[in-house]
Amino acid sequence: MIDFGLMVSIIIAFGVPTLVASWWTIRSTQGPVGLLDVAIGPAFVGLAVGRLTTLALDDQASIGSISDMLVIRSGVEFWPGVGAAIAAAMWSARRSGDSPADRIADLAPLAMIGYAGYEMACVFRDGCFGPESPIGLRPPGLSTTMIPTGWLMGAAVVAAAVAVRILARRGRATSVVVFAATASVASVRAVGSIWLPHVGDGLTRQHGSSLVVAAVSITAAAVVLWRGQQLIDQAAPPPTPNTATQESVPPT
């Protein structure tokens, strides 16, 4: 059975950043390249690693069963998938003779927009959940109106993607760009997870991992920026004394 809601969400997740990429160029030594040319492979690698990680943590017996492994609706570990996709994109860039740092800096904001599109496409899946409100959307099977948390998360990630794009174009170090992108998405996921449905009162694994990734990314970005400023200060020439203002003392 085809999951049309998930299919539409994936089409939006790839289609919207592909349109944006026509304005936000992706650098390559081989001339202009499209987003799908450099993102499809890493995306599938990330999806496969994320799905296998979920099965390894929750249902080891399903590993090896093609039908169980393909049911991505039942769970994909987000951050292991993101890490695998980044590694695959860097490997692909190096293999084609391009700079892995430039490739990641170019793809980061586009990937954020794709993720935002997926979150905002919640209306095509099981419904957009969130806190109860007099206005909002009513998920299928419920009688309660809710504020669509996925829409708010998507809007926040789009705004962060624009900021990350500005950082990249201003020549910030690739590590800062990646950490800023990661911290933004992790923070949005950590906050949004508060209102998403889950079993029990404690943190879900996805929520807890987003909190950890957000804290690590923010700390790492701060350290890189601080270290970079130290290097700039060390490279600056020492100030020269201003002898023009010194008063001459007449001989006695």
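In this text, all values refer to a predicted model and were calculated from it rather than measured experimentally.
At a threshold of 4.5 Å between non-hydrogen side-chain atoms, the residues L35 and L107 count as touching. Here the side chains of R165 and D106 are in contact, with some heavy-atom distance below 4.5 Å. No side-chain heavy atom of Y115 sits less than 4.5 Å from a side-chain heavy atom of M120. Put simply, the side chain of E77 reaches to within 4.5 Å of the side chain of L57, judged on heavy atoms. V177 is not listed as a side-chain neighbour of I104, based on a closest heavy-atom distance of 4.5 Å or more. A 4.5 Å side-chain heavy-atom check between L137 and F129 finds every atom pair outside the cut-off. Using a 4.5 Å heavy-atom cutoff, the side chains of S99 and R27 are not in contact. Within the 4.5 Å cutoff, the side chain of T144 has no heavy atoms near those of the R138 side chain.
In this structure, L196 is not a member of the same hydrophobic cluster as I147, with clusters built from ILVMFWY side-chain heavy atoms closer than 4.5 Å. Grouping the Ile, Leu, Val, Met, Phe, Trp and Tyr side chains by contacts below 4.5 angstrom, directly or via other members, places V76 with L6. L110 and Y118 fall into different hydrophobic clusters, defined by Ile, Leu, Val, Met, Phe, Trp and Tyr side-chain heavy atoms under 4.5 Å apart, directly or through other members. A continuous path of ILVMFWY side-chain contacts below 4.5 Å connects V16 to V8, so both sit in one hydrophobic cluster. A chain of hydrophobic side-chain contacts below 4.5 Å, direct or via other Ile, Leu, Val, Met, Phe, Trp or Tyr residues, connects I113 to V123.
G130 and M146 get closest at one heavy-atom pair: O-SD, 3.3 Å. Of all non-hydrogen atoms in A214 and S187, the two that sit nearest each other are CB-OG, 3.8 Å. Scanning all heavy atoms of the two residues, the minimum distance from T145 to P134 falls at CG2-O, 4.2 Å. Counting all heavy atoms, side chain and backbone alike, A186 lies closest to S210 at CB-O, 3.5 Å. The minimum heavy-atom distance linking V158 with A116 is given by the pair CG2-CB, 3.6 Å. When every heavy atom of S96 is checked against every heavy atom of D98, the shortest pair comes out as OG-OD2, 3.1 Å.
Taking CD1 from I194 and CZ from R189, the interatomic distance works out to 13.5 Å, rounded to the nearest 0.5 Å. Atoms CD1 and OG, from I40 and S92 in turn, are 12.0 Å apart once rounded to the nearest 0.5 Å. Atom-to-atom distance recorded for S193:OG and L211:CG is 8.0 Å, nearest 0.5 angstrom. Rounding to the nearest 0.5 Å gives a distance of 4.0 Å between CE of M153 and CD of E119. T174 contributes atom OG1, which lies 11.0 Å from atom CZ of F179 (distance to the nearest 0.5 angstrom). Note: F124 CZ to I12 CD1 = 4.5 Å, rounded to the nearest 0.5 Å.
Between the side chain of W195 and the backbone N or O of P131 there is no donor-acceptor pair closer than 3.5 Å. No donor-acceptor distance shorter than 3.5 angstrom exists from the side chain of T25 to the backbone of A21, with no hydrogens or angles considered.
The neighbour count for W151 CH2, taken as heavy atoms of other residues, nucleotides or ligands under 6.0 Å away, does not exceed 12. Other residues, nucleotides and ligands contribute at most 12 non-hydrogen atoms within 6.0 Å of the CZ atom of R172. Within a 6.0 Å radius of CZ in R169, other residues, nucleotides and ligands contribute more than 12 heavy atoms.
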Checklist line | side chain to side chain contact (heavy atoms under 4.5 Å, CB included) assessment of L55 paired with Q60 | finding: CA-CA 5 Å; L55 293 178; Q60 295 87 351; over 6 Å; no
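Applying the ring-ring contact (aromatic ring centres under 6.0 Å, His included) rule to pairs touching residues 9-53 yields nothing, sequence neighbours excluded.
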